[in-house]
There are 2 protein chains.
Amino acid sequence: MKKSATTIRDVAAAAGVSVATVSKYMNGAQRFSATVEARLKEAVEQLGYRSNPLARSMITGQTRTIGVAILDIRNPHFTNIVKGANRIALQHDYTLLLVDTEESGERERSLIESLAQRVDGMIVSSRMPDDSLQWLVDLDKPVVLFGRSERFPLTSVGTDGYLAAYMLASHLVNMGHQRLAYLGFARSRWNDERIRGITSCLQSSGLSLEVHDAPAPSAAAGERGCSAIMLGPNPPDAVICYNDLIALGFMKEARGLGLRLPQDVSVAGFDNVPYGEYASPALTTMDLQSEKMGELAMTKLIKRLGGMGEPDSEYTNLEPRLIVRESTIRRTASPVQADADSNGSRNPAVNAAS
Amino acid sequence: MKKSATTIRDVAAAAGVSVATVSKYMNGAQRFSATVEARLKEAVEQLGYRSNPLARSMITGQTRTIGVAILDIRNPHFTNIVKGANRIALQHDYTLLLVDTEESGERERSLIESLAQRVDGMIVSSRMPDDSLQWLVDLDKPVVLFGRSERFPLTSVGTDGYLAAYMLASHLVNMGHQRLAYLGFARSRWNDERIRGITSCLQSSGLSLEVHDAPAPSAAAGERGCSAIMLGPNPPDAVICYNDLIALGFMKEARGLGLRLPQDVSVAGFDNVPYGEYASPALTTMDLQSEKMGELAMTKLIKRLGGMGEPDSEYTNLEPRLIVRESTIRRTASPVQADADSNGSRNPAVNAAS
DNA sequence: ATGAAAGCGCTAACAT
DNA sequence: ATGTTAGCGCTTTCAT
């Protein structure tokens with residue numbers, strides 16, 4: 001069983017039939033005389049033959065593989081998307097070819113271009129702004145994009161980021177918060193619409209938003225961002241983070257700074273990643289239905305692959321939902337007094353060293 | 001730009017040369033006369049030609065793709081492995097073909113078998129016991145396995161699970177714990193050695209271990225397991241979980257049950273997933289160096305792919321490391337009275353069951 | 001330095 | 001029901 005794999009010709013010879021017959025047999029394309037069928041079965045088992053998918057693909061023009069490009073496999077949001085997409089793919093006998101574009105920085109485009117050649121279709125999550133997506137269209141492969149493209153006829157799925165942000169801000173305002181900060185991630189495609197949603201909500205209450213930026217959409221970045229926001233002269237009483245990861249990091253650092261959560265500051269994020277629930281205080285977040293997004297994207301893609309339909313620009317919107325947990329709390333009227341048990345001072349600047 | 005992609009023949013025609021020349025040009029195999037080179041360049045750009053990797057693979061027998069089979073893409077442990085593996089792969093111009101075997105239940109084997117045909121080599125994480133891995137060897141593809149195989153000549157990397165478990169138990173014993181429970185996951189390949197490690201450590205202190213089993217290696221399963229363990233007649237004062245996910249779920253549920261962590265019960269896990277750090281109390285865990293494992297596995301595999309070396313049974317052991325955080329605490333002398341809140345409780349989560 | 005031709009392993013007409 | 005044959009798009013001797 002060492003050297004080169006057995007080919008269709010070996011089987012044909014062993015069974016005393018032609019390669020065409022073997023091919024048809026392997027694909028279950030038709031029935032055969034009992035004799036032939038038996039010999040075929042025997043030969044295949046004997047030789048342990050499995051047809052070469054590459055050769056098959058060359059002819060059929062199908063790889064039965066779907067490319068999925070995500071920004072960071074360590075972000076549970078994407079991981080959920082992949083899980084959902086994979087579930088559907090499996091049902092239709094497709095395999096996922098995964099590319100983590102963040103790992104390679106600005107090679108995003110070239111990675112996806114080369115991915116395109118090895119798959120029947122792609123699901124892509126991009127960091128590029130909408131207007132620099134022409135090349136994606138030019139690939140001329142069925143694609144489903146996360147986040148609507150205004151400019152190009154790309155099938156897409158997503159949740160309304162403006163609305164989600166508005167809802168979250170609304171919740172915070174209703175809870176009596178007055179000084180809101182946003183710890184965003186400018187390089188994302190969604191950052192702007194989230195800012196717009198929050199701002200617009202705040203404006204209708206005569207409030208304004210203090211915008212900060214994290215260097216990455218990760219917990220570590222959230223930690224770094226915390227002190228600059230919370231230890232200034234006029235700290236916010238609630239902060240919305242670009243995503244749950246940043247929020248989790250922010251909360252950890254805030255605790256380290258001596259702040260009490262959520263009494264001293266309410267914190268919320270986006271994505272509803274699994275671990276927000278297990279943090280303490282459990283994280284309030286906007287559920288963007290990641291897993292469903294993955295399923296939906298894959299369903300659409302597969303449908304298109306089957307029907308060979310035109311590229312449409314159909315955009316499907318999933319409903320965002322607010323998940324209130326423990327990290328956001330009603331702001332009491334007087335911001336002055338906290339409670340007596342330990343150090344009553346809410347000024348955290350004291351032990352900010354570490 | 002609609003229909004079938006441009007082929008090497010189109011380019012040859014456009015440049016007025018033979019396909020062989022185009023092929024050599026594309027592969028940078030040699031230099032050409034300035035004229036030809038210029039025309040080639042022109043033609044390729046004009047037509048937007050990219051050579052078809054499938055056709056190429058058929059001839060060269062190489063796909064430049066590496067298969068990675070993991071048990072669950074939602075488990076950060078595996079996600080870290082993939083991240084590490086991907087980093088190395090990228091450096092060597094390989095692409096990852098990912099398969100999440102848990103998603104498909106018992107199809108693990110057939111999924112991996114079909115994966116094997118599309119890749120140059122594989123990195124696999126399996127749930128099968130060591131003695132039912134013969135088929136993996138028979139695939140006759142370069143493979144790196146996570147977790148040593150005693151029986152087969154499979155290259156592998158891992159951390160010493162026995163040692164890791166022993167270390168963790170040791171820590172707990174040193175902290176004065178007496179009644180230890182283990183919430184394991186029996187279907188894992190590593191469960192037994194962890195039990196052995198813990199037991200063996202406890203025995204040398206005259207202690208015994210109460211073993212429970214979770215239905216899945218997930219946070220949800222950890223939640224379910226909690227009450228059965230903690231609300232019995234003789235609850236443990238420390239519990240070691242099969243992994244961090246289970247531990248995280250366990251802690252959440254314990255809090256919900258009204259227990260105070262870590263005063264009422266110390267909790268620890270394995271893997272050192274990123275979110276243990278952001279939980280509160282932060283989770284004590286054994287760092288198994290997931291990301292490093294991924295890097296190492298990929299490095300080994302690629303080396304083998306290059307050298308076409310024999311399948312060796314080299315096993316590389318990574319060092320486990322204990323990460324003590326807040327979820328394990330020293331047990332005070334009297335196990336009777338736990339409620340004396342005299343020690344400055346830094347954790348206000350007493351009645352957090354919102 | 002460049003080209004002709006023989007396949008890689010398979011499928012898809014088109015015979016028989 | 002089974003076989004013949006012509007490629008899929010490319011690389012690779014081997015000529016020239």
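Residue numbers start from 1 in every chain, and the chains themselves are labelled A, B, ... in the order their sequence lines are given, proteins ahead of strands. Since we're looking at a predicted model, the values are computed, not measured.
Within residues 27-40 of chain B, the residues that have a heavy atom under 4.0 Å from DNA chain C are, in order of number, B/Gln30, B/Phe32, B/Ser33, B/Val36. Contacts between residues 12-24 of chain B and DNA chain D, counted as heavy-atom distances below 4.0 Å, involve B/Ala20, B/Ser23.
Considering only residues two or more places apart in sequence or on other chains, B/Ala38 meets the side-chain contact (heavy atoms from CB on, under 4.5 Å) condition with none of them.
For A/Arg31, the CZ atom counts as loosely surrounded, since its 6.0 Å shell holds 12 or fewer non-hydrogen atoms of other residues, nucleotides or ligands.
Residue contacts for B/Tyr49: at a heavy-atom cut-off of 4.0 Å it reaches the sugar-phosphate backbone alone, with no base atom in range. Across all strands shown, A/Ser51 has heavy atoms under 4.0 Å from sugar-phosphate atoms exclusively, and none from any base.
First and last contacting nucleotides of DNA chain D toward chain B (any atom under 4.0 angstrom from a heavy atom, 5' to 3' order): D/dC8 to D/dT12.
Ion pairing between a basic and an acidic side chain is recognised when a charged N comes within 4.0 Å of a carboxylate O; B/Glu295 and B/Lys300 show no such pairing.
Put simply, the side chain of B/Val99 does not reach to within 4.5 Å of the side chain of B/Ile112, judged on heavy atoms.
Side-chain N/O atoms of A/Arg56 and A/Asn27 include a donor and acceptor closer than 3.5 Å.
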Next on the checklist: For A/Phe152 and A/Leu136: C-alpha separation, side-chain torsions, deciding distance, then whether side chain to side chain contact (heavy atoms under 4.5 Å, CB included) applies.
Outcome noted: CA-CA 9 Å; A/Phe152 302 108; A/Leu136 228 197; over 6 Å; no
Checklist entry - Could you go step by step and tell me if A/Val137 and A/Leu133 meet the side chain to side chain contact (heavy atoms under 4.5 Å, CB included) rule? => result CA-CA 7 Å; A/Val137 180; A/Leu133 248 30; 5.8 Å; no
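Nucleotide C/dT11 holds its P atom 13 Å from the CD atom of A/Gln62, rounded to whole Å. Look at OH on A/Tyr25: it is 18 Å from P on C/dA12, rounded to the nearest Å. Distance, A/Ile59 CD1 to C/dT11 C1': 4 Å, rounded to whole Å. Spacing between atom CZ of B/Arg118 and atom C1' of C/dG9 amounts to 14 Å, rounded to whole angstrom units. The nearest whole Å value for the distance from the CE atom in B/Met58 to the C1' atom in C/dT11 is 12 Å.
Within the 4.0 Å cut-off from OP1 or OP2 of C/dT11, at least one side-chain nitrogen or oxygen of A/Arg56 is found.
With A/Lys141 contributing its side chain and A/Val119 its backbone, the two residues share a donor-acceptor pair below 3.5 Å.
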Atom pairs and distances, donor-acceptor, side-chain atoms in residues 16-25 of chain A, under 3.5 Å, two or more places apart:
| from | atom 1 | to | atom 2 | distance (Å) |
| --- | --- | --- | --- | --- |
| A/Ser18 | OG | A/Ala20 | N | 3.4 |
| A/Ser18 | OG | A/Thr21 | N | 3.3 |
| A/Ser18 | OG | A/Thr21 | OG1 | 3.2 |

Tabulate below the donor-acceptor pairs under 3.5 Å that side-chain atoms of residues 120-132 of chain A make, not counting sequence neighbours, or state none.
| from | atom 1 | to | atom 2 | distance (Å) |
| --- | --- | --- | --- | --- |
| A/Asp120 | OD1 | A/Thr63 | N | 2.7 |
| A/Asp120 | OD1 | A/Thr63 | OG1 | 2.9 |
| A/Asp120 | OD2 | A/Thr63 | N | 3.2 |
| A/Asp120 | OD2 | A/Arg64 | N | 2.9 |
| A/Ser126 | OG | A/Glu108 | OE2 | 2.6 |
| A/Ser126 | OG | A/Met128 | N | 2.8 |
| A/Arg127 | NH1 | A/Glu102 | OE2 | 2.9 |
| A/Asp130 | OD1 | A/Ser149 | OG | 2.7 |
| A/Asp130 | OD2 | A/Glu150 | N | 2.7 |
| A/Asp130 | OD2 | A/Arg151 | N | 3.2 |
| A/Ser132 | OG | A/Pro129 | O | 3.1 |

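To the nearest 0.5 Å, atom OG1 of residue A/Thr95 and atom CD1 of residue A/Ile66 are 9.0 Å apart.
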